[in-house]
Amino acid sequence: MGEEASCDAVSLTEAGTNAKPVGKEVGREPAAAPAAAADPRLQGISDAIRVVPHFPKQGIMFNDITTLLLRPRVFKDAVDLFVERYRGMGIDAVAGIEARGFVFGPAIALAIGAKFIPLRKPRKLPESCADTGSRKQLLLLLLEGEVISEKYVLEYGTDCLEMRVGAIERSGERVLVIDDLVATGGTLCAAIRLLERAGADVVECACVIGLPKFKDLYKLNGKPVYVLVESRE
Ligand SMILES: O=P(O)(O)OC[C@H]1O[C@H](OP(=O)(O)OP(=O)(O)O)[C@H](O)[C@@H]1O
Ligand SMILES: Nc1ncnc2[nH]cnc12
């Protein structure tokens, strides 16, 4: 198992406001100027996201990606931008966060030749249960099917993510975490903690959208977050 992650989402009271660059890492300085920064596909992606005020709670500007999904050209552009960045980086697995990370993660995983690991909301993953076979077979089955959980706080509530430990098949597998959006970073923190507990090496987190008011405020155990566009709120 990996070391305990030092991972903190921001508290909502720390949030300020910020500008709106695109196609870049947040949460740590990029090693080089982002190649995607001037990519014309980014404007189309930004334009295709609907911003809904006061959903699901008063004061939240909700970034809705379902409008982007209705435009296949733009949807493909978003997937392609990630594929172009991560192809050839020796990524073994793409871990997608339920639910919206499941929309982008599998397409990216298939295109870069990686396996897909679903990080699920509570009580969706079956734990192994066996009443036949040898003691050794039973033990292996239970270990392989073990499900681990991490609770977290996000922009508008609390939740929990779960993963099957056996999805990481050898220590040090290189994993990319995918979601549609990073706000406080609470969800990504929980994802990193789960993967590291299972022995993975989390290379980077990648989201279509970043909320600028939270960037630079969260610590994700030193892991960078790459976002395509910043919210227009
Ligand atoms: O950075 P954070 O403050 O943690 O927030 C980001 C998370 O919030 C949204 O998911 P949500 O929990 O609403 O779940 P859903 O995708 O099932 O709607 C979004 O898809 C991210 O997973
Ligand atoms: N503002 C927001 N829009 C969409 N999803 C979110 N998850 C957390 N904050 C969000």
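In this chain, residues are counted from 1 in sequence order. Both ligands and their constituent atoms are indexed starting at 1 by order of listing.
Listed by number with element, the atoms of ligand 1 under 4.0 angstrom from any heavy atom of T184 are 1 (O), 2 (P), 3 (O), 4 (O). Listed by atom number, the atoms of ligand 2 under 4.0 Å from A183 heavy atoms are 8 (C), 9 (N). Close contacts of ligand 1 with K121, meaning ligand atoms under 4.0 Å from a residue heavy atom, involve 12 (O), 14 (O), 15 (P), 17 (O). For ligand 1, the atoms closer than 4.0 angstrom to any heavy atom of G186 are 1 (O), 4 (O). Listed by atom number, the atoms of ligand 2 under 4.0 Å from L211 heavy atoms are 1 (N). Distances below 4.0 Å separate heavy atoms of E155 from the following atoms of ligand 1: 3 (O). Listed by atom number, the atoms of ligand 2 under 4.0 Å from Y156 heavy atoms are 5 (N), 6 (C), 7 (N), 8 (C), 9 (N), 10 (C).
In terms of N/O distances under 3.5 Å, ligand 1 is approached by G185. Between Y156 and ligand 1, at least one N/O pair is under 3.5 Å apart. Where the criterion is an N or O separation shorter than 3.5 Å, residue side chain and backbone included, A183 meets it with respect to ligand 1. In terms of polar-atom proximity, defined here as any N/O pair under 3.5 Å, D180 does make such a contact with ligand 1. For ligand 1, the polar-atom distance check against A99 finds a nitrogen or oxygen pair separated by under 3.5 Å.
Taking CE of M163 as the reference point, atom CD1 of I148 lies at 5.5 Å (rounded to 0.5 Å). Distance check, rounded to the nearest 0.5 Å: NE2 of H54 to CE of M61 gives 7.0 Å.
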Q: Verify side-chain contact (heavy atoms from CB on, under 4.5 Å) between L211 and L181, making sure each step is shown before the conclusion.
A: CA-CA 8 Å; L211 297 200; L181 178 142; 4.0 Å; yes
Q: Go through L228 and L42 one step at a time and tell me if the side-chain contact (heavy atoms from CB on, under 4.5 Å) criterion holds.
A: CA-CA 7 Å; L228 295 183; L42 295 168; 3.9 Å; yes
Q) side-chain contact (heavy atoms from CB on, under 4.5 Å) between V182 and I209: does it pass, once the steps are laid out? A) CA-CA 6 Å; V182 53; I209 309 157; over 6 Å; no
Q: Could you walk me through whether E204 and Y86 pass side-chain contact (heavy atoms from CB on, under 4.5 Å), step by step?
A: CA-CA 10 Å; E204 188 160 273; Y86 297 110; 2.4 Å; yes
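Using a 3.5 Å distance cut-off with no hydrogens or angles, the side chains of E155 and T184 do not pair a donor with an acceptor.
Looking at atom 21 (C) of ligand 1, its nearest protein heavy atom turns out to be D179 OD2, 3.1 Å. The single protein non-hydrogen atom nearest to atom 6 (C) of ligand 1 is L181 O, 3.6 Å, given as residue, atom name and distance. If you check which protein heavy atom lies closest to atom 8 (O) of ligand 1, you get L154 CD1, 3.3 Å. Ranking the protein heavy atoms by distance from atom 16 (O) of ligand 1 puts R100 NE, 3.1 Å first.
Contact between L154 and ligand 2 is absent, with no heavy atom of the residue lying under 4.0 Å from the ligand. Distances shorter than 4.0 angstrom do not occur between any heavy atom of D159 and any atom of ligand 1.
For the residues M61, E155, R100, the heavy atom positioned nearest atom 5 (N) of ligand 2 is part of R100.
K115 and E173 are joined by a salt bridge, as a carboxylate oxygen and a charged side-chain nitrogen come within less than 4.0 angstrom of each other. Salt bridge status for E196 with K223: present, with a side-chain N to carboxylate O gap under 4.0 Å.
The parts of T187 lying near ligand 1 are both backbone and side chain, judged by heavy-atom distances below 4.0 Å.
No side-chain donor-acceptor contact under 3.5 Å links R197 to the backbone of I192. No donor-acceptor pair under 3.5 Å is formed between the side chain of R174 and the backbone N or O of D92.
In terms of heavy-atom proximity, K121 sits nearest to E98 at N-OE1, 2.8 Å.
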